[in-house]
Amino acid sequence: MSNRPFVIDFLHAGGIHLSQYDHHIVRKLSSLRGQFLDQEIYEAMLRAQDPILYEVYEVKGAEVAGELIHGITIIHPGKVGTEYFMTKGHYHLLLDTAEVYYCLQGQGSMVMETPEGDWAVEPLRPQSTLYVPPRWAHRTVNTSPSEDLVIFFVYPGNAGHDYGTIEKQGYRKLVVERDGKPEIIDNLRWLPPEKR
Ligand code: F6R
Ligand code: ZN
């Protein structure tokens, strides 16, 4: 991306317009193995097909302190059993780096936790801004039955990503559908830091 100032119209003519990005990540169901509560349903779904759960369009400068990486994540609607489609989620490798999300479209939740086991789940709705402080792992969940969740994000160029810590046991809290509505439940696989 240019080191001259530039403007990108992510929202264009009432829709999402994605012509200017330099990094496109496509994550399918198969890349979230072990993360969904109902592993039997997960495996059965995967045998039938491997749908795209979400896509990330990044505008990426150099991955160095002082730069900001930004872009759009689109999480499609759907569920594995009762659990909504979601991102893998991660800590930043440089733990002391924050991130800002701005919701453009849809309905969802951000599931967050710290290495000490503190947790938070915050709503994402159009025109809401969510601040993820340094040290908080974050995962985005699409809780709409039918609509894409579209979010803008911006984070420090040198943040990096640690997926491995979350992959081991998932997040402390899960977001599932109960009686047609999102509900936060405990992840029974999750252990507090002193018991790992
Ligand atoms: C970057 C960030 C987002 C996510 C994106 C996909 O630090 O938090 O851009 O990378 O929403 O989620 P992951 O990276 O967890 O697959
Ligand atoms: Zn992040």
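Being a predicted model, the structure only gives us computed values, none of them experimental. Ligands are counted one by one from 1 in listed order, and the atoms in each one are counted from 1 as well. Side chains are part of it too, since the values below use all heavy atoms of this structure and drop only hydrogens, waters and symmetry mates.
- Salt bridge status for K88 with E167: present, with a side-chain N to carboxylate O gap under 4.0 Å.
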Please tabulate, for side-chain N and O atoms in residues 71-84, each donor-acceptor pair with protein atoms closer than 3.5 Å (sequence neighbours left out).
from, atom 1, to, atom 2, distance (Å)
H76, ND1, D148, OD1, 2.8
K79, NZ, E177, OE1, 2.9
E83, OE1, L37, N, 2.6

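- Taking K28 as the reference, nothing meets the side-chain hydrogen bond (donor to acceptor under 3.5 Å, both in side chains) condition, with sequence neighbours excluded.
- Near ligand 1, R27, Y54, V56, T73, T87, K88, G89, H90, H92, E99, Y101, H138, F153, Y155, H161, Y163 each place a heavy atom less than 4.0 angstrom from the ligand.
- With respect to the salt-bridge test (charged N to carboxylate O, under 4.0 angstrom), the residues R33 and E43 qualify.
- Salt-bridge annotation for D186 and R172: absent, with no side-chain N of the basic residue lying under 4.0 Å from a carboxylate O of the acidic one.
- Put simply, H161 stays out of reach of the Zn ion (ligand 2), with no N, O or S atom under 2.8 Å from it.
- Rounding to 10 degrees, one finds that the Zn ion (ligand 2) sits at the corner of an angle of 170° between E99 OE1 and H90 NE2.
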Listed pairs under 3.5 Å, donor-acceptor, residues 153-161 side chains, sequence neighbours left out:
from, atom 1, to, atom 2, distance (Å)
Y155, OH, E58, OE2, 2.7

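- Checked for salt-bridge contact, K173 and E113 miss the test: no charged N lies under 4.0 Å from a carboxylate O.
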